[in-house]
Amino acid sequence: MEETVEDPPTSAVLLDHCHFSQVIFNSVEKFYVPGGDVTCYYTLTQQFIPRRKDWIGIFRVGWKTTREYYTFMWVSLPVDLNSDSAKQQEVQFKAYYLPKDDEYYQFCYVDQDGVVRGASIPFQFRPENEEDILVVTTQGEVEEIEQRNKELCKENQELKDTCVSLQKQNSDTQAELHKTQEELEILKSTAQKLEQEAKAQKDGWETELLQLKEQNQKMSSENEKMGVRVEQLQAQLSTREKEMEKLVQGDQDKTEQLERLNKENSQLLLTLTQQKERQKKLEQTVEEMLKQEETTTLKKQQALKEPRNKTTAVEEQLVQEVERLQAKDENAGLSRKLSENKIIYDALQKEKERLERENDLLKRENSRLLSYMGLDFDSLPYQVPTSDQGGAGQNPALVYGNPYSGIQESSAPSLLAVKKCPTCKSDFAGDILDFTSEQQHPQPLCLSCPICDKTFPAKEKQIFEDHVFCHSL
């Protein structure tokens with residue numbers, strides 16, 4: 001068997017699935033002489049298209065698969081398949097690779113898929129006989145041979161018909177195979193495209209995965225920062241809550257302190273009322289004692305005028321002296337209480353006078369402001385209460401007045417004030433409508449705003465008044 005570098009393509013396809021009619025072998029001898037080269041002639045049918053890996057092998061008769069070849073030769077591809085010369089092909093086997101026995105062999109055309117496309121008649125490798133053999137046959141043998149020939153012709157015709165049907169079936173199968181190959185090529189191209197798309201999609205997914213990982217890391221770092229920030233905010237919130245609790249507690253303490261002050265004020269008012277009642281009672285008692293002293297004095301004078309017994313007079317005098325001493329003791333206690341009440345009354349009176357003085361100062365200041373604004377006090381819709389009204393509005397139970405009454409009054413500027421000269425700062429008369437003193441006073445060289453201390457020339461009096469009026473808007 002031939003030792004080759006590359007083995008031909010074979011298959012385990014059985015003879016029933018082979019197509020022997022696509023390649024026809026011509027001029028096949030019954031036997032070939034050993035020791036010489038053998039040329040194999042064959043014809044390609046129109047339904048068959050040769051390919052690069054096709055080959056022709058010598059097989060021993062009775063072979064089952066294409067793997068049982070004895071030797072083979074590669075076929076040469078024709079240049080033009082449509083020419084007649086391309087259909088007639090030949091291949092030469094070297095004598096060295098041919099079989100040496102006298103068994104029957106045959107040529108087989110095998111394509112690159114390992115499928116047999118044509119087979120020759122059997123032949124032998126043996127030398128020629130030098131002696132002529134005379135064969136003598138009888139009439140019966142001749143008739144038998146003729147009958148055999150007829151049967152062979154009939155069988156040959158059947159084989160031809162079978163070959164035609166097989167060729168048709170082969171052409172149909174070849175068309176289906178060609179169509180299947182085209183579909184296979186399309187599927188291969190589609191598969192390649194799908195593989196490329198899958199690879200591109202895989203690369204895109206990997207890129208997206210890397211981006212998602214980076215985003216996840218960024219989000220994790222941001223979450224950590226936000227967690228730290230939340231902890232800081234929670235700490236600040238707890239601190240603020242504690243401060244709020246302290247403020248609420250302080251507010252409650254102030255409220256309680258205010259309630260205590262209100263209670264103390266109520267108690268002071270009640271005490272002051274009681275002291276006034278006691279003072280009235282003491283005054284009544286003093287008046288009664290004075291009346292009693294006057295009555296006693298009159299009685300003494302009448303006793304001196306009328307003649308009485310000395311003993312009786314002395315006894316009456318002693319009794320009167322004892323009563324006078326008792327009354328004197330009671331009078332001393334009442335005088336002491338009256339002195340205490342007098343001190344309290346004087347303190348309250350001084351506080352009242354101080355408030356009246358402050359009220360007068362506020363009235364003069366408001367009058368001064370109104371004079372600069374060019375307004376009349378009587379035409380104002382709101383009148384500041386006088387000192388009498390302010391004294392009546394004070395709580396009589398408080399020795400030093402209501403500590404909360406002056407908060408709003410001090411926060412807002414009063415409308416009534418004393419009128420002052422913007423140059424020498426001297427006060428005018430109390431009445432804001434009295435212009436005599438103002439006319440007699442020398443005119444200033446500049447005007448100064450009493451609120452913001454801005455100065456204006458004397459000739460720009462209208463601008464100055466407009467400026468002062470703007471502060472009241």
Side-chain angles (χ1 to χ4, degrees), residues 218-278 340-341 343-366 369-370 373 380-417 449-454 468-473:
K218 291 181 180 178
M219 291 297 292
S220 299
S221 60
E222 290 179 358
N223 287 333
E224 292 177 357
K225 293 180 180 178
M226 290 298 293
V228 175
R229 180 61 178 167
V230 167
E231 291 178 356
Q232 293 177 355
L233 291 175
Q234 288 180 351
Q236 293 179 1
L237 181 60
S238 61
T239 306
R240 294 292 175 82
E241 288 179 351
K242 292 180 180 178
E243 292 178 355
M244 184 63 70
E245 290 177 357
K246 291 181 180 178
L247 291 175
V248 171
Q249 185 65 31
D251 190 13
Q252 292 178 355
D253 295 339
K254 293 291 180 63
T255 305
E256 292 176 357
Q257 186 177 3
L258 182 60
E259 291 177 354
R260 287 197 300 270
L261 290 174
N262 290 330
K263 290 180 180 180
E264 290 177 359
N265 289 335
S266 300
Q267 292 177 359
L268 289 173
L269 178 60
L270 181 60
T271 304
L272 184 59
T273 305
Q274 292 176 357
Q275 288 179 355
K276 286 183 177 181
E277 292 178 355
R278 291 176 184 174
E340 294 176 355
N341 292 331
I343 293 170
I344 295 172
Y345 176 76
D346 293 338
L348 292 174
Q349 190 66 28
K350 289 179 180 179
E351 182 67 20
K352 180 181 177 182
E353 292 175 356
R354 184 181 64 80
L355 293 174
E356 288 178 354
R357 286 195 300 272
E358 292 179 358
N359 193 14
D360 292 336
L361 291 174
L362 292 173
K363 285 170 63 179
R364 289 195 295 271
E365 183 68 21
N366 290 335
L369 292 175
L370 287 173
M373 293 168 61
L380 293 175
Y382 170 77
Q383 296 293 336
V384 179
T386 60
S387 60
D388 296 337
Q389 294 174 353
Q394 293 289 336
N395 192 345
L398 299 178
V399 178
Y400 298 102
N402 188 359
Y404 304 101
S405 62
I407 296 176
Q408 296 181 353
E409 296 175 0
S410 61
S411 62
S414 177
L415 295 175
L416 297 178
C449 178
I451 298 174
C452 63
D453 295 333
K454 186 176 182 181
V468 174
F469 179 72
C470 288
H471 286 296
S472 64
L473 297 179

Check your understanding: Charged N to carboxylate O below 4.0 Å: is that the case for Lys218 and Glu222?
Key -> no
Practice item. Check the pair Leu348 / Glu351 against side-chain contact (heavy atoms from CB on, under 4.5 Å), numbers first and verdict last. Key: CA-CA 5 Å; Leu348 292 174; Glu351 182 67 20; 5.6 Å; no
Point to revise | Qualifying residue, where the test is side chain to side chain contact (heavy atoms under 4.5 Å, CB included) with Val228 and the options are Lys225, Gln232, Met226 | key: Gln232
Exercise for review: Using the test side chain to side chain contact (heavy atoms under 4.5 Å, CB included), find all partners of Glu224 that sit at least two apart in sequence or belong to another chain.
Suggested key: none
Review point. Distance from Arg357 atom CZ to Lys352 atom NZ, nearest 0.5 Å?
Key: 13.0 Å
Exercise for review: For Asn265 and Leu261, indicate whether the former's side chain and the latter's backbone hold a donor-acceptor pair under 3.5 Å.
Suggested key: yes
Check your understanding: Distance from Gln257 atom CD to Lys254 atom NZ, nearest 0.5 Å?
Key -> 7.0 Å
Check your understanding: Just how far is it from atom CD of Gln236 to atom CD of Glu241, taken to the nearest 0.5 Å?
Key -> 12.0 Å
Practice item. Report the distance from atom CD of Glu356 to atom NZ of Lys363, rounding to the nearest 0.5 Å. Key: 10.0 Å
Revision key, fill the gap. Sorted by chain and residue number, the side chain to side chain contact (heavy atoms under 4.5 Å, CB included) partners of Thr273 (sequence neighbours excluded) come out as Leu269, Glu277
Exercise for review: Kindly indicate, with the supporting measurements, whether the criterion side-chain contact (heavy atoms from CB on, under 4.5 Å) is fulfilled by Thr255 and Glu259.
Suggested key: CA-CA 6 Å; Thr255 305; Glu259 291 177 354; 3.9 Å; yes
Practice item. Could you give me the CA-CA distance, side-chain angles and deciding distance for Arg354 and Glu358, then say whether salt bridge (charged side-chain N to carboxylate O under 4.0 Å, His left out) is met? Key: CA-CA 6 Å; Arg354 184 181 64 80; Glu358 292 179 358; 2.6 Å; yes
Practice item. Applying side-chain contact (heavy atoms from CB on, under 4.5 Å), run through Gln249 and Gln252 and close with a yes or a no. Key: CA-CA 5 Å; Gln249 185 65 31; Gln252 292 178 355; 3.5 Å; yes
Point to revise | side-chain contact (heavy atoms from CB on, under 4.5 Å) between Leu369 and Val468, worked out | key: CA-CA 9 Å; Leu369 292 175; Val468 174; over 6 Å; no
Review point. Do side-chain atoms of Asn262 reach the backbone of Leu258 as a donor and acceptor pair under 3.5 angstrom?
Key: yes
Point to revise | Identified side chain to side chain contact (heavy atoms under 4.5 Å, CB included) counterpart of Val248 within the set Lys246, Glu245, Met244 | key: Met244
Review point. In Å and rounded to the nearest 0.5 Å, what is the OH to NZ distance from Tyr345 to Lys276?
Key: 8.5 Å
Practice item. Side-chain contact test, heavy atoms from C-beta onward, threshold under 4.5 Å: evaluate it for Pro450 versus His471 and give yes or no. Key: no
Exercise for review: First locate atom CD1 of Ile344, then atom OG1 of Thr271, and finally report the distance between them rounded to the nearest 0.5 Å.
Suggested key: 9.0 Å
